Amino acid sequence: MRDFSKSTYERKKVALNRVKVQRKPIDWGKYLRPLGKMLCGLLGVSLLCVAVFVGYRAVCAITFFRIKNIEVSSTKRLTREEVLAIAGIEPGGDLLRMSLKHVGEQLSRNPWVETVRIQRFFPDRVAITIAEREPLAVVNMGYIYYLDSKGVVFKVLNQGDSLNYPVVTGFGEEDMTSDPSGTREALKSTCELLKILQEKGAFVLADVSEIHYDKGFGFTLFTASGGLPVKIGYGDFSPKVIRFARIYRELMAQGQSLQYIDLDYSDKIIVKKLTTTIQDISRGGNVSSKKG
């Protein structure tokens with residue numbers, strides 16, 4: 001039987017209370033347990049990192065990994081003491097913490113060093129292997145530089161440096177910045193010509209006092225005897241030098257009567273004399289004269 005003694009408000013309040021009593025409490029553990037596991041994992045990783053770092057420091061402090069033996073490959077330009085000073089390595093140093101990259105970079109800054117290899121061998125040995133640059137010529141660019149066999153201008157000459165190399169002219173320091181690729185190619189061509197002249201023959205590098213480069217006309221050789229200009233132009237150096245070698249001694253016997261020699265042809269040699277007569281020496285060795 002319906003109870004009309006209670007008001008509508010009271011009946012609604014009782015119903016709301018019944019609903020509240022039926023609501024289940026939030027299970028916070030369901031959310032906190034994964035979070036706790038995550039925090040424990042991070043804490044474990046942090047402790048492991050700390051342990052590794054402490055262990056690393058402890059291992060580094062052990063004298064078992066101190067440098068005792070330092071091997072340096074034989075070098076012509078740099079002494080062992082200079083190599084070690086540049087590298088910053090000395091006996092008693094920390095082998096484990098030594099940066100091979102840093103040591104290599106330090107040594108590579110020296111102009112004589114072309115390539116360098118640093119190796120460490122536990123427990124106490126370091127090996128340094130250096131390949132030095134070898135000068136092929138000196139290049140006069142206002143300052144005098146060494147030129148290596150790869151066409152690299154690598155060092156300004158200082159007091160005491162040898163000048164006993166062929167002299168290359170016609171290049172300027174401004175060419176290295178205004179036309180770097182063209183200058184590099186021209187220097188490589190210079191090295192190609194020098195290597196051909198180094199080969200044994202009737203006309204060799206010892207017969208050349210200077211090699212001059214001109215962007216418009218190519219290369220001109222100046223003989224060590226009398227400074228006679230020998231125009232050789234661009235490319236195909238080997239056949240030009242071979243043709244010239246066949247008549248070199250004969251032409252040099254004419255001495256001061258020659259003004260210049262032009263090898264920049266595919267099948268002949270032009271000889272200009274001071275008398276304005278031009279000799280055309282063909283491939284077969286015949287000589288014809290022309291008025292200059």
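Values in this document were obtained by computation on a predicted structure and should not be read as measured data.
One distance of note links CD of E210 with OG1 of T220; it measures 9.5 Å at 0.5 Å rounding. Y146 contributes atom OH, which lies 14.0 Å from atom CZ of R133 (distance to the nearest 0.5 angstrom). In this structure, E132 CD and S74 OG are separated by 8.5 Å, a value rounded to the nearest 0.5 Å. Here the CD atom belonging to E71 is positioned 8.5 Å from the OG1 atom belonging to T129, to the nearest 0.5 angstrom. Rounding to the nearest 0.5 Å gives a distance of 8.5 Å between CE of M252 and CG of D207. A distance of 12.0 Å separates CD in E114 from CD1 in I130, rounded to the nearest 0.5 Å.
Using a 4.5 Å cut-off between side-chain heavy atoms of Ile, Leu, Val, Met, Phe, Trp and Tyr, with links allowed through other members, F222 and L263 fall into different hydrophobic clusters. In the hydrophobic cluster analysis, where Ile, Leu, Val, Met, Phe, Trp and Tyr join through side-chain heavy atoms closer than 4.5 angstrom, F122 is grouped together with V126. I242 and L251 are assigned to two separate hydrophobic clusters, defined by single-linkage of ILVMFWY side chains at heavy-atom distances under 4.5 Å. One hydrophobic cluster, built from ILVMFWY side chains closer than 4.5 Å, holds both V113 and L100. Follow the hydrophobic side-chain contacts under 4.5 Å out from M176 and you reach I211 in the same cluster.
Around the CZ atom of R117, the shell of radius 6.0 Å holds no more than 12 heavy atoms that belong to other residues, nucleotides or ligands. Annotation for Y234: atom OH counts as buried by contact number, over 12 foreign heavy atoms lying within 6.0 Å. The number of heavy-atom neighbours closer than 6.0 Å to NZ of K188, taken from other residues, nucleotides and ligands shown, is 12 or below. Within a 6.0 Å radius of OH in Y143, other residues, nucleotides and ligands contribute 12 heavy atoms or fewer.
Side-chain contact between V50 and S46 is absent, with no heavy atoms from C-beta onward closer than 4.5 Å. Side-chain contact check for Y145 versus E173: some heavy-atom pair is nearer than 4.5 Å. A 4.5 Å side-chain heavy-atom check between T190 and V139 finds every atom pair outside the cut-off. Proximity of D175 to K215: side-chain heavy atoms (C-beta onward) are separated by under 4.5 Å at one or more points.
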- Task: Given side chain to side chain contact (heavy atoms under 4.5 Å, CB included), test V241 with E199 step by step and report yes or no.
- Result: CA-CA 11 Å; V241 171; E199 298 174 0; over 6 Å; no
- Steps toward side chain to side chain contact (heavy atoms under 4.5 Å, CB included) verdict (L136, Q198): CA-CA 10 Å; L136 185 63; Q198 280 182 329; 3.3 Å; yes
- Worked check of side chain to side chain contact (heavy atoms under 4.5 Å, CB included) between I67 and M98: CA-CA 10 Å; I67 299 172; M98 181 185 69; 4.2 Å; yes
- Task: Please lay out, stage by stage, how D161 and I144 fare under the test side chain to side chain contact (heavy atoms under 4.5 Å, CB included).
- Result: CA-CA 11 Å; D161 287 334; I144 299 177; over 6 Å; no
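Residue P135 comes nearest to Y165 through the heavy atom pair O-CE2, 3.5 Å, listed as atom of the first residue, atom of the second, then distance. The nearest pair of heavy atoms linking K240 to I232 is NZ-O, 2.8 Å. A87 and I128 make their closest contact through CB-CD1, 4.5 Å (heavy atoms, listed as atom of the first residue, atom of the second, distance). Shortest non-hydrogen contact noted between K273 and L258 is CG-CD2, 3.9 Å. The shortest heavy-atom contact between L107 and V83 is CD2-O, 3.6 Å. Contact between L157 and S162 at its shortest, heavy atoms only, is CD2-O, 3.7 Å.
With a 6.0 Å cutoff to the six-membered ring centre and a 45° limit on the axis angle, K231 does not count as a cation-pi contact of F217.
Using modelled atom types, one finds no donor on one side chain facing an acceptor on the other under 3.5 Å when comparing E134 with S149.
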